[in-house]
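Worth saying up front: this structure is predicted, and the values here are computed from it rather than measured.
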Amino acid sequence: MTLRYVSVTAGVALALVAAPASAQLASPVGGAARAGIGAEGSSPRATPGIAVPEATPTPFAPARIDQPQPDPVPASAAASPTPPPASAVPPSAFESFVSGVAGKPLRRFGAELLVPEARDFTVPATTAIPPDYRIAPGDQLRLDLAGSVQGAGLRLTVDGEGRIFVPQVGAIQVGGVRYGDLRDVIAARVSRQYRGFTLEVSVVRLHGLRIYVTGFARRPGAYTVTSIATLVNAALAAGGPAEGGSFRSIQLRRGGELVSDLDLYDLLLRGDKRGDASLRDGDVIHIAPAGPQVAVIGSVNREAIFEVAPGETLADAVAYAGGASTVADTGRLLVLDSLGQGNGGWQQLSAADARSRVVRRGDVVQVLSNVGVAHPIAQQPVLVTLSGEVAHPGRYYVQPGTRLADVIAQAGGLTREAFPYASVITRESVKAQQRESFARAVDDMELQLSTQPLVSANRAQLATSANLQLLDQVVAKMHAREPSGRLVFDLPVDARALPADLLLENNDTIHVPTRPVTIGVFGAVASPASFAYRDGQTIGDAVRSAGGVQSLGHRKEIFVVRANGTVLAEGTRTLRAPALPGDLIFVPIDANRGAFWARLRDITGSLFGGVVGAATVVNAVR
């Protein structure tokens, strides 16, 4: 066996020695290549070189990381079940009392946060993560890799030791890393094995914290919140303070120690969240009982019931209500001692007293308003509008107590064409008084007219649809009438000036027309029209110019509205009265032609005067 091996080895050695040098250093190419070399001068009988098969290049395939099996979600990371929607908080006894004093519903400040329509204050699991957030066990990360290593949507949960395991990369320590630095930490670890890749990292689920809400909360109990939840989120997720709970002392306790005592007024009134601390697992939130409460009503920017701290004054309570409104009387306020701790009843205090008086439990503070208070004429600002035949028409601002003659003189006086007898002076206070009296009179008329067909002996004839429809038309037209607020002065027709001593009020309007040249005749006449005025003519002459009174006309009820606003109604003597420029003569229909119309005339006559009432009926029918 040994000898045979030696002989074979020697034979091979001799063969290699006998071979040409070119055969020993032959290039690993095919026979065609060797033939080409031989053509350039080598022996054609040289031994061909050893042929090496041509290699086929394999395309590059990046490493691919598949999604590992999901870890079971720990019980602490599961979100607490959504509590059932809360019903509206019923008003407390003090809220009901103050609502009765104010004449409208009034609630405790901050109660609007607790109604069912208030938005959810819990932090959703998909909320934006702040850069300073520290990654903790139970957080779930999402990794997206592209380039030399690929992996899409890798969801990795941080284990109890703060690590994540990336397939084909290994374990990466991320516990305690700032969220803002998380990408760089993971990218540094991946770059040890791969080059030329891109990485995106996000937190898709936060680990849960188990906290406890105690005290005067609306829904006390244990809650699971996300790891970025704060004291405010957790307190309001539990329904906030109950009826007897405080908005000004929400305490965060950790390990038996007080960490923060939040005053919600700082957040709601000043936007200050410095007391809103971050939570940790096992924290206890305790809502203290409510402190003394007072109500602030009247001319303030926000009427409500407020919880006051010890030593705070009435001025502090008004400041909680946003301060006095634009129209408030800032020089004084009223305080009601609802619990009888002092003198009882309402007490008026000055602004200085309000800054020094300590507020007491149950006080009702009312800030008075300057709007709607009738001030003496001598204190009212006066803006007067002059138009018509004055030298300089326009709006004039004058001092309180200014007379009409003074503002006319300021406007340059009246022109030569002015007709003061027909001037129209309107006043807002008179208009308001007229509107109130007129509305009451129309309501009384409507009641009497509607009941007349029911109590009359011939009610079957009166209670017809036609009569009732006509009644509705009369009442509707009466309701549609708007008082003018005109002041009527019995000036002589040839007066050259307005009432000089009339004291002006704010928004008074004075219109001075030119002298009219016509007289109007309307109603039950043959040819109603306006006719040229002639000196010396009577009312009867003007009526005859219109064709005289028709058969349906009522001669005894003819009335004349003078240009100065007065009414002339003297029966048949009216026709003998002298006519004046601008007169409006009206001949009404005889309302005695039916019992219903007679009753309507009597009612309207008792309310507005017979002549005007009859005219109103005629106008309504027309």
List for me each residue that meets side-chain hydrogen bond (donor to acceptor under 3.5 Å, both in side chains) alongside [X], sequence neighbours excluded, and say none if there are none.
| X | result |
| --- | --- |
| R555 | none |
| S387 | H511 |
| T415 | E389 |
| D490 | none |

Does any non-hydrogen side-chain atom of [Y] lie less than 4.5 Å from one of [X]?
| X | Y | value |
| --- | --- | --- |
| S246 | P289 | no |
| V296 | F306 | yes |
| V335 | W346 | no |
| V364 | V98 | yes |
| F247 | Y265 | yes |
| D337 | Q347 | no |
| F109 | I305 | no |
| R361 | Q293 | no |

May I ask you to decide if [Y]'s main-chain N or O and [X]'s side chain share a donor-acceptor pair within less than 3.5 Å?
| X | Y | result |
| --- | --- | --- |
| E95 | S92 | yes |
| D443 | R440 | no |
| E303 | G298 | yes |
| T574 | E570 | yes |
| Q537 | P578 | no |
| D272 | D266 | no |

For [X] against [Y], the heavy-atom pair lying closest together:
| X | Y | result |
| --- | --- | --- |
| P483 | K431 | O-CE, 3.4 Å |
| A542 | I585 | CB-CD1, 3.6 Å |
| I297 | L106 | CG2-CD2, 3.4 Å |
| A579 | I519 | CB-CD1, 3.5 Å |
| T402 | V407 | CG2-N, 4.4 Å |
| S423 | P513 | CA-CD, 3.7 Å |

Residue pairs passing the salt bridge (charged side-chain N to carboxylate O under 4.0 Å, His left out) test where at least one lies in residues 397-421, sequence neighbours excluded: R403-D406, R403-D501

Provide the full list of salt bridge (charged side-chain N to carboxylate O under 4.0 Å, His left out) pairs with a residue in residues 530-541, sequence neighbours left out, each pair given once. D541-R544

Partner set under side chain to side chain contact (heavy atoms under 4.5 Å, CB included) for [X], not counting sequence neighbours:
| X | answer |
| --- | --- |
| L414 | V390, I408, A418, P420, V512 |
| V525 | V521, P528, V543, A546, V587 |
| S350 | A352, D353 |

Approximate separation, where rounding is to 0.5 Å, of [X] [atom1] and [Y] [atom2]:
| X | Y | atom1 | atom2 | value |
| --- | --- | --- | --- | --- |
| H392 | L386 | NE2 | CG | 11.5 Å |
| L568 | L584 | CG | CG | 12.0 Å |
| S99 | K104 | OG | NZ | 10.0 Å |
| R562 | L491 | CZ | CG | 14.0 Å |
| L502 | I425 | CG | CD1 | 6.0 Å |
| Q434 | E482 | CD | CD | 9.5 Å |

Contacts table for residues 326-333: side-chain donor-acceptor under 3.5 angstrom, sequence neighbours left out:
from, atom 1, to, atom 2, distance (Å)
D329, OD1, G331, N, 3.1
D329, OD2, R332, NE, 2.8
R332, NH1, Q348, OE1, 3.2

D508 and R427: side chain to side chain contact (heavy atoms under 4.5 Å, CB included), yes or no, with the steps? CA-CA 5 Å; D508 279 354; R427 177 165 290 178; 2.7 Å; yes

Are there more than 12 heavy atoms of other residues, nucleotides or ligands under 6.0 Å from atom CZ of R435? yes

Let's go through F586 and F522 carefully: what are the C-alpha distance in whole Å and the side-chain angles of both, what is the deciding distance for ring-ring contact (aromatic ring centres under 6.0 Å, His included) to 0.1 Å, and is it a yes or a no? CA-CA 5 Å; F586 194 87; F522 301 97; 7.8 Å; no

List the steps, then state whether side chain to side chain contact (heavy atoms under 4.5 Å, CB included) holds for H554 with I589. CA-CA 6 Å; H554 200 319; I589 295 176; over 6 Å; no

Kindly write out the residues that satisfy ring pair (Phe, Tyr, Trp, His ring centres under 6.0 Å) with Y421, not counting sequence neighbours, or none if the list is empty. F419

Evaluate S325 against N301 for side chain to side chain contact (heavy atoms under 4.5 Å, CB included), listing each step before the verdict. CA-CA 5 Å; S325 66; N301 291 309; 4.0 Å; yes

Going by an N to O cut-off under 4.0 Å, is there a salt bridge joining R357 and D363? yes

Exercise answer: donor-acceptor pairs, residues 309-320 side-chain atoms, under 3.5 Å, sequence neighbours excluded:
from, atom 1, to, atom 2, distance (Å)
E312, OE1, R248, NH1, 3.4
E312, OE1, A309, N, 2.8
E312, OE1, Y320, OH, 3.2
E312, OE2, Y320, OH, 2.3
T313, OG1, A315, N, 3.4
T313, OG1, D316, N, 3.4
T313, OG1, D316, OD2, 3.3
D316, OD2, T313, N, 2.9
Y320, OH, R248, NH1, 3.0
Y320, OH, R248, NH2, 3.1

